2 protein chains.
Amino acid sequence: MGVIDRKRVAARRAVTPAPLPLDTILRGDCIAAMKALPAASIDCIFADPPYNLQLGGDLNRPDGSHVDAVTNDWDKFDSFATYDRFTRAWLKEARRILKPDGTIWVIGSYHNIFRVGAAVQDLGFWILNDIVWRKANPMPNFRGTRFTNAHETLIWASMGEKARYTFNYRSLKTLNDELQMRSDWEFPICGGPERLKQDGVKVHPTQKPEALLYRILLASTQPGDVVLDPFFGTGTTGAVARRLGRRYIGIEREDAYVAAAEARIAAALPLDESLLVTMQAPRNAPRVSFGTLVENNIVAPGTLLTDAKRRWQAVVRADGSLACNGSEGSIHKLGATLQGAPSCNGWTFWHHQQGDALSPIDTLRQTWLLATQP
Amino acid sequence: MGVIDRKRVAARRAVTPAPLPLDTILRGDCIAAMKALPAASIDCIFADPPYNLQLGGDLNRPDGSHVDAVTNDWDKFDSFATYDRFTRAWLKEARRILKPDGTIWVIGSYHNIFRVGAAVQDLGFWILNDIVWRKANPMPNFRGTRFTNAHETLIWASMGEKARYTFNYRSLKTLNDELQMRSDWEFPICGGPERLKQDGVKVHPTQKPEALLYRILLASTQPGDVVLDPFFGTGTTGAVARRLGRRYIGIEREDAYVAAAEARIAAALPLDESLLVTMQAPRNAPRVSFGTLVENNIVAPGTLLTDAKRRWQAVVRADGSLACNGSEGSIHKLGATLQGAPSCNGWTFWHHQQGDALSPIDTLRQTWLLATQP
DNA sequence: ATGAATTCTGAATCTAGGG
DNA sequence: TCCCTAGATTCAGAATTCA
């Protein structure tokens, strides 16, 4: 449970097993290929499995054997069961190779996403969000028989309820003009120069836009992390991973897709490392205690602090504790006590006189950090 | 498979069985109550079952106030297996009492919707659409640990692949300014005078907005059709059905909810036709973040931006943040920091080289809007 | 009375680290 | 594993209070 900080990220990267086939495309069946990868070795998985049950050619049984051509007459229950077996088989392997603090993304439509989501939960993953990709330019419903199918759904899950995971909250908030990123994302469908074509014909029927993978990888991975895509197709995941300084492993069965993906990724330009520095959460800054400021006489014992509305006034004591009206405690504890609140961030609650105005003591901490950090 | 025309609708209404308890609320367990209804007698079902939220401890806002969460007993289930049994039991009864050309709607969140969707498919329903309700004003993620959970999902299904169903395509297109209605709908959450309160406290923790039911009933029922809601709550379905000239049957266990629903429905007035026109919301221009331009490579990471007088030069980073002389932040924040101003419109402050001249980055946003908007 | 400012609240699987 | 403490964290709209 919780978001991973940088120290921990560095520690876990150091133990990444050596034999991973980094930045390559493994040709073949995704379940067999995943079986050959070491356990707990992957930071993030993005999976775009086949959507439509009637595309029988895309289905394999858990043992790897091919499912014979599905006709229009196939029995409905049987086909759902077949799809479920396939889904649970590849998800199980995905779970085996993910690190304990890794996450998995799966994209789908109403044809398959409910089955995928139930399987994700049944296998012990813990859903963090479902994300809606709103298509800016979806294909209309030509016959006027339903609502325009204008979105697809992504599921984002960690390894379990208590598992840690990476979520670059500050980066995403910055990306969204200082508003929390929501669970509904709008992107155009993949077209224009980005859409891979061969002799004027699109190479892959469901090529995903790079903007979608850009947001996914920026949100849930760190530079250097290993991203696996078991349904690699024409390699959108690999191209974006390379641009963003992440390592990728792709798995793909069709030779034509592999060839297109390799050319495409080779042409993708990695961003300069300095550009991959993103906004960091304050929790990743070194911790400074209030006592440090007192010890260094940034705040002298005897200084009077008040809240923003001057309802309470407390005196700083020699050990960095505060005292007010017979109550005492740390900057946090006393703030909580006085307000009758369960908790309180003392850094922003307590203020000191700064000329005519009041200034939160957090500014003193920032000054101290700037002065002491290299 | 297909949309029902009016003649066929008239024919099927003629054989509606007599003993239906129309426009009443049945008090009790939804499965038992449905068992007492005749088979193939209902035109449409709207179901808002418990979501099985599985909340942890208490949650406080950053200002210390407490979040009033859904802690009701009716939302507690032992396990996924228990929830699945409950779901399949009520869906099975729903299927029995629906007419062959009826449809069912179920709303849920990522906690339960995948299980519901899989059950819907397993029981032989045919999913017509999944619909996303985008909340205009969702509760934020206070801890910064995930994406803001800003939507809920609806499943709309017919009785089978070949089943007929009602879809008022023209009505919905008119409602949507002569554009096909899409699968993503935006409404505010239920609040204001519409939200039922008793002594200042909300009567029901999850009251749905009437606008949502309005669109559902307008899309998938005809005047006079019978709409069943097995989780009636405070009767949003009944109130809207009455306004739109549909008949309703509600099922609800909690006496307090039943009483509130009865009073509410009695006060609901059939809607004047002129009001239908005014209920169309104007489509406001979508907000575009600077990050959108970066994600879509309109502005590449590494691009240099300056202010109009070239006093400062900043580099665009991968998450859409800017960096300049050791300062960093969003286009707005960094502009404010450099100028020592409290705020700054980054769109007009920052410029990029355009031939020999400088051009504000707002022009890039305008170009993007023109290219992506219909 | 009117507008500005402040407060309140909504289906939420909502922390991290050390002892 | 439990307990304790530090301290990081929110958006839109409606309701209410204040000037």
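What you see is a predicted model, and the numbers here were worked out from it, not measured in a lab. Note on naming: letters A, B, ... go to the chains in the order of the sequence lines (proteins, then strands), and numbering restarts at 1 for each one. Worth knowing before you read on, the calculation uses all heavy atoms, side chains too, and leaves out hydrogens, waters and symmetry mates.
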Donor-acceptor pair (no angle test) under 3.5 Å: A:Arg365 side chain, D:dG7 base: no
Residue met sooner reading DNA chain D from 5', once B:Asp63 and B:Pro193 are mapped to nucleotides: B:Asp63
- prompt: How close or far is atom P of C:dA11 from atom CD of B:Gln207, stated in whole angstroms?
  reply: 9 Å
- request: Would you mind reading off the distance between A:Asp177 atom CG and D:dC11 atom P, rounded to a whole angstrom?
  value: 12 Å
message: Checking side-chain polar atoms at under 3.5 Å, does A:Ser330 have a donor or acceptor matched by the opposite partner on A:His332?
response: no
- prompt: For A:Trp126 and C:dT13, do the ring centres fall under 5.5 Å apart while the planes stay under 30° apart?
  reply: yes
field: A:Arg287 side chain near D:dG7 phosphate (N/O to OP1/OP2, under 4.0 Å)
entry: yes
query: Reckon B:Arg143 has a side-chain N or O less than 4.0 Å from the OP1 or OP2 of C:dT15?
result: yes
task: Determine: side-chain N/O of A:Ser330 to OP1/OP2 of D:dT5, distance under 4.0 Å, yes or no.
output: no
field: N/O (side chain, A:Lys333) to phosphate O (OP1/OP2, D:dA6) under 4.0 Å
entry: no
query: Rounding to the closest angstrom, what is the interatomic distance between C:dT7 and D:dT10 at atom C1'?
result: 14 Å
task: Rounded off to whole Å, could you give me the CE-to-P distance for the B:Met139 and C:dC14 pair?
output: 12 Å
- line: Per nearest nucleotide of DNA chain D, the residue lying toward the 5' end, B:Gly192 or B:Arg61, is B:Arg61
field: Within the 6.0 Å centroid threshold, strictly below: A:Phe167 and B:Phe147
entry: yes
- request: Sticking with atom P, work out how far C:dG10 lies from D:dA8, rounded to a whole angstrom.
  value: 28 Å
- request: Using atom CG of B:Asn141 as one end and atom C1' of D:dC11 as the other, report the distance to the nearest whole Å.
  value: 12 Å
- prompt: In whole Å, what is the span from the CG atom of A:Leu172 to the C1' atom of D:dT9?
  reply: 16 Å
statement: Winner on side-chain proximity to B:Pro62, out of C:dT9, C:dA11, D:dT10, is D:dT10
message: Using a distance-only criterion (donor-acceptor N/O pair, under 3.5 Å, no hydrogens), is the base of D:dT9 paired with the side chain of A:Arg170?
response: no
field: Pairing annotation in dot-bracket form, given for DNA chain D with Watson-Crick or G-U pairs under 3.5 Å and | for cross-strand partners
entry: .|||||....|||||||||
Contact under 4.0 Å: B:Asn149 side-chain N or O vs C:dT13 OP1/OP2: yes
- request: Give B:Ser109 one of three labels, base, sugar-phosphate or nothing, depending on what nucleic acid heavy atoms sit under 4.0 Å from its own.
  value: nothing
message: Between D:dA12 and C:dC14, how many Å separate the two P atoms, rounded to a whole number?
response: 23 Å
query: Quick one: on DNA chain C, does B:Pro140 or B:Arg195 contact a more 5' nucleotide (nearest heavy atom)?
result: B:Arg195
- request: Could you check whether B:Val201 gets within reach of a base, just the sugar-phosphate, or nothing at all, counting any heavy atom under 4.0 Å?
  value: nothing
- prompt: Nearest to the side chain of B:Ile189, which nucleotide is it out of C:dC14, C:dG10, D:dT10?
  reply: C:dG10
Exam field: side chain A:Trp133 to backbone A:Phe187, donor-acceptor pair closer than 3.5 Å: yes
First of A:Lys309 and B:Asp68 reached from the 5' end of DNA chain C, by closest nucleotide: A:Lys309
- prompt: Do the rings of B:Trp74 and B:Tyr257 sit parallel, tilted or perpendicular, given the 30° and 60° boundaries?
  reply: perpendicular
N/O (side chain, A:His332) to phosphate O (OP1/OP2, D:dG7) under 4.0 Å: yes
field: Nearest to side-chain heavy atoms of B:Gln54, which nucleotide of D:dA8, C:dT13, C:dT15
entry: C:dT13
- prompt: Can you tell me how far P of C:dA11 sits from CG of B:Asp48, to the nearest Å?
  reply: 11 Å
message: Is it true that B:Asp319 and A:Thr278 share a donor-acceptor pair across their side chains at a distance under 3.5 Å?
response: no
message: Below 30° counts as parallel, above 60° as perpendicular, anything between as tilted: where do the rings of B:Trp105 and B:Trp185 land?
response: tilted
- request: Among C:dT13, D:dT10, C:dA16, find the nucleotide with the atom closest to the side chain of A:Arg164.
  value: C:dA16
message: Using only atom types and a distance under 3.5 Å, with no angle test, would you say the side chain of A:Trp347 pairs donor to acceptor with the backbone of A:Ile361?
response: no
- request: With heavy atoms under 4.0 Å as the rule, sort A:Ile127 into base, sugar-phosphate or nothing.
  value: base
- request: Please test B:Arg264 against B:Thr236 for side chain to side chain donor-acceptor pair (under 3.5 Å), starting from the C-alpha separation and ending with a verdict.
  value: CA-CA 9 Å; B:Arg264 173 188 189 184; B:Thr236 305; 3.1 Å; yes
field: Integer angstrom distance from the C1' of D:dG13 to that of C:dT13
entry: 26 Å
- prompt: Contact class for B:Gly57 (heavy atom, under 4.0 Å): base, sugar-phosphate, or nothing?
  reply: base
- line: When rounded to whole Å, the CG to P distance for the pair B:Leu59 and D:dT10 reads 13 Å
- prompt: Is there a donor in the side chain of A:Ser171 and an acceptor in the side chain of A:Thr174, or the other way round, less than 3.5 Å apart?
  reply: no
statement: Rounded to whole Å, CZ of B:Phe114 lies from P of C:dT13 at a distance of 13 Å
query: Does the base of C:dA11 carry an N or O that pairs as donor and acceptor with the side chain of B:Lys208 under 3.5 Å?
result: yes
field: Sugar-phosphate only, base, or nothing, as touched by B:Ala69 at under 4.0 Å among non-hydrogen atoms
entry: base
- line: From the list B:Lys135, B:Arg134, B:Arg146, B:His151, side chain to side chain donor-acceptor pair (under 3.5 Å) with A:Ser183 holds only for B:His151
field: Contact under 4.0 Å: A:Tyr165 side-chain N or O vs C:dA16 OP1/OP2
entry: no
query: Syn versus anti for C:dT7, judged by chi lying within 90° of 0?
result: anti
